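Structure first, commentary second.
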Amino acid sequence: MSVVHMASSNVDNKDDRISRISSSIRVIPDFPKPGIMFQDITTLLLDPKAFKDTIDLFVERYKDKNINVVAGVEARGFIFGPPIALAIGAKFVPMRKPKKLPGIAYTLLVHSCNYYNLFSYLTYITSFSVFVICAFVPMTYYYTVSERGCWEVISEEYSLEYGTDKIEMHVGAVQPGERAVVVDDLIATGGTLTAAINLLERVGVEVVECACVIELPELKGRDRLGEKQLFVLVSST
Ligand SMILES: O=P(O)(O)OC[C@H]1O[C@H](OP(=O)(O)OP(=O)(O)O)[C@H](O)[C@@H]1O
Ligand SMILES: Nc1ncnc2[nH]cnc12
């Protein structure tokens, strides 16, 4: 296995926590596709000191910045985001992969995909009508009149180093004017973080910064974020 050396990026080079974090990340060549040097953070999680140092460095940066929301991108942002959110007294908002969050649009979609022949179609029409009367109307009332907004899901598509994907968020999870940090394990092309920023900004949230453990500078994800600040602990060289 070839070793990719990591160098500290945004944080103080003299902080010896960085070298421990850096050396705890395993690099796996040709995964999941030939040519990809996969940065595997599962080995960082096996080292409690490196894991704690990682969280501490983010907490030190964000604890006095009046952050209300830590948004974590599925899946690996769900590992680093929650401990940061708890430590700085912010809420954690999961940005999920498609069809994981309950929402009106997906309930209808799932029903329409399951009916193929005429009998089933009639059954579908009947069940759909019952669904509209029994569920849709109260649900619409629930999220428009009650102002909870919990059922509305918004999504953004994005391209990756090795494919395309989509992330989704519940609209009612955040409020206009709240201040957010978006957390993920790694920035490559910047597509994922850009999609997360777009989702939050569409509902009026101020994205203060993005925070990642690892940056792959060759893929120029930082450029894709434009003016948005990016804080990373280690950078591949
Ligand atoms: O900067 P980008 O080019 O957008 O790539 C970075 C994203 O890629 C990885 O996730 P992946 O999509 O592989 O999903 P996973 O965490 O569910 O494995 C990583 O955890 C980031 O979320
Ligand atoms: N090289 C890489 N290693 C780990 N996760 C990634 N996501 C996108 N590129 C990646």
Side-chain angles (χ1 to χ4, degrees), residues 1-10 21-47 50-51 54-55 57-58 69-85 92-101 153-169 180-202 207 209-237:
M1 182 187 303
S2 68
V3 176
V4 169
H5 296 283
M6 310 294 280
S8 61
S9 184
N10 282 144
I21 293 167
S22 177
S23 56
S24 71
I25 297 163
R26 177 168 56 189
V27 180
I28 301 175
D30 300 322
F31 180 85
K33 289 183 177 172
I36 302 290
M37 299 296 283
F38 189 82
Q39 312 290 318
D40 180 14
I41 52 91
T42 61
T43 42
L44 184 159
L45 306 176
L46 297 175
D47 179 341
F51 189 17
T54 303
I55 301 304
L57 283 160
F58 289 126
V69 177
V70 173
V73 184
E74 187 170 354
R76 290 169 254 162
F78 290 6
I79 297 168
F80 298 102
I84 299 168
F92 178 74
V93 175
M95 315 217 101
R96 299 220 59 183
K97 295 287 165 68
K99 303 183 188 178
K100 300 283 187 184
L101 291 173
V153 172
I154 54 172
S155 56
E156 282 272 329
E157 266 192 22
Y158 58 96
S159 55
L160 285 166
E161 192 186 3
Y162 41 80
T164 63
D165 216 332
K166 199 192 241 188
I167 51 168
E168 300 188 334
M169 180 185 75
V181 171
V182 182
V183 174
D184 207 347
D185 67 322
L186 175 142
I187 176 166
T189 65
T192 308
L193 288 180
T194 304
I197 293 165
N198 288 346
L199 275 186
L200 289 161
E201 292 188 340
R202 274 165 60 187
V207 177
E209 193 162 277
C210 296
C212 293
V213 181
I214 309 159
E215 178 181 14
L216 306 181
E218 279 180 9
L219 293 168
K220 302 196 184 311
R222 196 177 273 274
D223 296 350
R224 193 156 168 188
L225 298 187
E227 300 285 288
K228 204 59 75 184
Q229 290 293 311
L230 172 68
F231 177 69
V232 295
L233 304 185
V234 292
S235 210
S236 72
T237 54

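Counting starts at 1 for both ligands and their atoms, in listed order. Predicted model, so just to flag it, every value in this text is computed and none were measured. Quick note: residue numbers are just sequence positions, from 1.
Each of the atoms 1 (O), 2 (P), 4 (O) of ligand 1 lies under 4.0 Å from some heavy atom of Gly191. Proximity to Met37 (heavy-atom distance under 4.0 Å) selects the following atoms of ligand 2: 1 (N), 2 (C), 3 (N). Per-residue contacts place Leu186 under 4.0 angstrom from the following atoms of ligand 2 (heavy atoms of the residue considered): 3 (N), 4 (C), 5 (N), 6 (C), 7 (N), 8 (C), 9 (N), 10 (C). For ligand 2 and Arg76, the ligand atoms under 4.0 Å from any heavy atom of the residue are 4 (C), 5 (N). Near Ala188, with a cut-off below 4.0 Å to any heavy atom, the atoms of ligand 2 are 8 (C), 9 (N). Contact atoms of ligand 2 toward Ile36: 1 (N) (distance under 4.0 Å to a heavy atom of the residue). Per-residue contacts place Leu186 under 4.0 angstrom from the following atoms of ligand 1 (heavy atoms of the residue considered): 6 (C), 21 (C). Under a 4.0 Å criterion applied to the non-hydrogen atoms of Ile187, ligand 1 contributes the atoms 1 (O). Atom numbering of ligand 1 starts at 1 in the shown order; those under 4.0 Å from a heavy atom of Lys97 are 12 (O), 14 (O), 15 (P), 17 (O).
Between the side chain of Ser235 and the main chain of Val232, no donor-acceptor pair closer than 3.5 Å is present.
In Thr192, the parts holding a heavy atom less than 4.0 Å from any atom of ligand 1 are both the side chain and the backbone. Looking at Asp185 against ligand 1, only its side chain comes within 4.0 Å, counting heavy atoms.
Annotation: Asp185 places no N or O atom under 3.5 Å from an N or O atom of ligand 2; distance criterion only.
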Intermediate values then yes/no, salt bridge (Lys or Arg N to Asp or Glu O under 4.0 Å), Arg76 and Asp184: CA-CA 6 Å; Arg76 290 169 254 162; Asp184 207 347; over 6 Å; no

Trace of the salt bridge (Lys or Arg N to Asp or Glu O under 4.0 Å) decision for Lys100 with Glu74: CA-CA 10 Å; Lys100 300 283 187 184; Glu74 187 170 354; 5.1 Å; no

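Scanning for side-chain contact (heavy atoms from CB on, under 4.5 Å) contacts around Glu201 gives Ile197, Val207, Lys228, with sequence neighbours left out. For Ala211, the side-chain contact (heavy atoms from CB on, under 4.5 Å) criterion is met by Phe58, Tyr62, Val181, Val183, not counting sequence neighbours.
Distances from atom 9 (C) of ligand 1 to the heavy atoms of Glu74, Gln39, Arg222, Arg76 show the closest one on Arg76.
Using a cut-off of 4.0 Å between Lys/Arg side-chain N and Asp/Glu carboxylate O, Lys166 and Glu156 are scored as not salt-bridged. A salt bridge between Arg96 and Glu168 is absent, with no side-chain N of the basic residue lying under 4.0 Å from a carboxylate O of the acidic one.
At least one heavy atom of Gly190 sits under 4.0 Å from some atom of ligand 1.
Two residues are said to be in side-chain contact when any heavy atoms from C-beta on lie closer than 4.5 Å; Ser24 and Leu45 fail this criterion.
If you run side-chain contact (heavy atoms from CB on, under 4.5 Å) between Tyr158 and each of Leu193, Thr164, Ile167, only Ile167 comes through.
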